[in-house]
Amino acid sequence: MLGPVRGRGPAVRGPRPPVRPLGPATRKRLVPYWLLLPGMLWLLVFFAAPLVYQASTSLQTGSLEEGFRVTWHFSTYADALARYSPQFLRSVGYAAAATALCLVLGYPLAYLIAFKAGRWRNVLMVLVIAPFFTSFLIRTLAWKTILADRGPVVSALGSLHVLDVTSGLGITEGDRVLATPLAVVCGLTYNFLPFMILPLYSSLERVDGRLHEAAADLYARPATIFRKVTLPLSMPGVVAGTLLTFIPAAGDYVNAELLGSTDQKMIGNVIQSQFLRVLDYPTAAALSFLLMAAILAMVTLYLRTSGTEELL
Amino acid sequence: MTESFGGDVRLTGISKTYGAFTAVHPLQLDIPAGSFFALLGASGCGKTTTLRMIAGLEEPTTGTVSLAGRDVTALPAHKRPVNTVFQNYALFPHLDIYENVAFGLRRRGIRSVKQRVGDMLDLVQLGDHARRRPHQLSGGQQQRVALARALVNRPQVLLLDEPLGALDLKLRRRMQLELKRIQTEVGITFVHVTHDQEEVMTMADTVAVMNGGCVEQLGAPADLYENPGTVFVADFLGTSNLIAAEVAEVVESAGLVEVAEHVEADRSSRAGGDLVLTAAGGAKLTLPAARCRASARTGRKVLAGVRPEKISLAHAADAAAIPAGRNRLTGRIADSSFTGVSTQYVIDSPAAAGLVVYEQNIERNTRLRPGAEVVLHWNPAHTFGLDADQAREAKAEAARRSGPSGAGN
């Protein structure tokens, strides 16, 4: 025994172990960090590291034979922007058109599912998500068949003289739909529609039906109820839906590749061909950063002006 | 048109069925202009459905709704000169308090929005909260916003759907008085739906007690309390002691002493004399024939009722001191509980088990402890009689309703 016995229990068991285990309070404080760890690792490996790598690539010069070296060649950015600005503008235009179409098609559908579908709600939601069960490529290739030159859709549109109108507007060419802006925008709309509907539905579904009754009780006609109550309350869904549609659509290259011709190339196609065919890595990386910056700027502006920070 | 205050509401043969379930049986109600009318009942009794039919939020299956003499049955909610205070307030979360209150005025294109909203917010004492959002307010404040949002439109009829249900007791009591004050001030017809009988007592001029989609009884709160017409009303509005008895004989009125105020009205019709009832255990009770809902035939089964606060308790040893002419029952105290103002006794009597008596705590009789033999006595004028057969039918009816389709609203 070491010294006098002061009490019972572990206190008298001799010298303390040299390393004290963390107290429960300290351990509790560390819990959030442990929980964050997997996500942070993921971000580091799959987001931060590639970002840094691409940033360095974009500032390199050289060729495939001699190898690339970082030379802080910032003019790659200016050159890329100058050379590919038509594709940039086209991407923004197509993405905006597709987003607008998604909103026009998706809002009524989401509204219907949220307020009128009753017991069909879940069935309809499954139908909205069903396209995800097949591959993105297969779905886009299917549109190639649907819009084929002598297919039923084109024939019908042709005989209804719709194609004359769209040709006049410059979104189709002659009696073709495939390999025109219309085909690419249709493909984008189709592929990203669920990303619009899901957030719209989830925000509409949260709108309390009693608010509609309250508005009706306060002399609002059905159209006014929609304008003054339903629409403002679903704005978070509209904002989330447009972002989820616009951002991937602006960077998409599959739809333009499969449904468009060289005249419908989007910035995604340019990046893809620079990376994989031309093997001009610096230009491809610079274009990627330009696209990212452009989207970030537009999204920031959009969120500022839509004024829904509070609702988000 | 909607600017004139206080319209009367007339429901004619109005009913509502959902598939096989009848929420409201055809009912007839006349609500006078400027009155504070309450629909009282347990949840699922059809009171909210009735209110919603007045508001135009529910289409009646049959019947018509008239407001101030105008048939509005076919008018949609937004065209009716009524406004509602919803149960959970249904304030617009994306608008501030000012815009919530201004909503109805803006929809009707009224010019003096600022003035009227300001006045109304002052009336409900929320003037300095105008730019807050609903979620930043407490329950009581939200309730006042909901009231202001409805009242600012100066509707002919204000509908209140359990507007105080979500508030705590103290706040509820304060808001009850507040609502009554505002109603008197603005003179609008109020139709108030509630399951809180105390709320009805404090506020309403007239009450319709609803049960299973029907109006059981209609009248002033005090009148319903003193003269319940059915077992349901007797039980739902306060507490009643109901004693099964049989009519033994019909006698000339003995000239009952000191009759309560609300019973007084019945005196003229007391020509029918008194009924002498025999209850289980041989006790004889006197019941004014005019206060008996069953036909006064000898041998008829009735339920003799008496309110707990009308009964006095005497220890069995003091029974001799009880004045003559009072109804008496003997019993034993099963339980007593002190509630501050009064003491509540539960007494088992041969005539009926579990009789409830409220004794004011003026001078507490220490001999009135559980186990003590006592005599219950009360003025026969406070006895009311209900039809025992009808009560049995009602019970069977209730059992049938709460069966397959008794979900209610």
Side-chain angles (χ1 to χ4, degrees), chain A residues 103 106-107 110-112 114-121 199-243 302-312, chain B residues 1-2 48 51-59 75-96 99-110 113 117 133-136 142 145-155 157-161 163:
Chain A
L103 191 60
Y107 201 104
Y111 186 93
L112 182 105
F115 294 120
K116 311 279 179 201
R119 62 204 175 92
W120 294 100
R121 209 182 240 215
L200 277 178
Y201 167 75
S202 86
S203 74
L204 279 169
E205 189 246 345
R206 262 180 293 162
V207 175
D208 190 342
R210 286 173 296 193
L211 295 179
H212 294 167
E213 294 191 338
D217 188 66
L218 293 164
Y219 314 107
R221 285 174 298 120
T224 317
I225 296 177
F226 177 76
R227 206 158 40 82
K228 291 288 176 187
V229 178
T230 316
L231 187 61
L233 286 173
S234 67
M235 274 318 278
V238 173
V239 171
T242 46
L243 291 182
Y302 177 56
L303 286 179
R304 283 275 167 78
T305 50
S306 63
T308 47
E309 294 96 333
E310 213 172 321
L311 289 169
L312 288 172
Chain B
M1 156 205 78
T2 51
T48 295
L51 191 83
R52 289 170 60 84
M53 288 193 284
I54 302 175
L57 298 169
E58 208 85 63
E59 209 179 315
L75 281 188
H78 68 271
K79 289 189 179 153
R80 294 195 189 188
V82 301
N83 289 109
T84 310
V85 178
F86 289 87
Q87 189 166 13
N88 293 32
Y89 317 139
L91 300 178
F92 303 118
H94 59 298
L95 301 177
D96 62 22
E99 285 303 323
N100 261 285
V101 176
F103 195 91
L105 297 179
R106 292 204 195 288
R107 299 290 83 75
R108 287 190 299 156
I110 283 167
V113 169
V117 172
R133 291 288 176 98
H135 66 88
Q136 293 169 308
Q142 290 186 23
V145 176
L147 184 65
R149 186 178 69 170
L151 272 181
V152 76
N153 302 296
R154 298 178 191 158
V157 181
L158 184 76
L159 306 173
L160 301 114
D161 185 6

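In this text the structure is predicted, and so the values were computed from the model without any measurement. Residue numbers start from 1 in every chain, and the chains themselves are labelled A, B, ... in the order their sequence lines are given, proteins ahead of strands.
A distance-only check finds no donor-acceptor pair linking the side chain of A/D217 to the backbone of B/A77 [under 3.5 Å]. The main-chain N or O of A/A215 is never found under 3.5 Å from a side-chain atom of B/H78 such that the two would form a donor-acceptor pair.
B/I110 places none of its side-chain heavy atoms less than 4.5 Å from the side chain of A/Y219. For the pair B/F86/A/R210, no side-chain contact is recorded, criterion being any heavy-atom separation below 4.5 Å from C-beta on. Considering only heavy atoms from C-beta on, A/K228 stays 4.5 Å or farther from B/R106 through its side chain.
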Practice task
Walk me through it: do B/H94 and A/M235 pass the test side-chain contact (heavy atoms from CB on, under 4.5 Å)?
Solution key: CA-CA 10 Å; B/H94 59 298; A/M235 274 318 278; over 6 Å; no

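Of all heavy-atom pairs spanning B/R107 and A/L218, the tightest one is CG-O, 3.4 Å. When all heavy atoms are compared, the tightest approach of A/L211 to B/A90 is CD2-O, 3.4 Å.
When A/V229, A/L233, A/D208 are each tested for a side chain to side chain contact (heavy atoms under 4.5 Å, CB included) with B/F92, only one passes: A/V229.
Other residues, nucleotides and ligands contribute more than 12 heavy atoms inside 6.0 Å of the CD atom of B/Q136.
The contact between B/L91 and chain A is made entirely by backbone atoms, counting heavy-atom distances below 4.5 Å.
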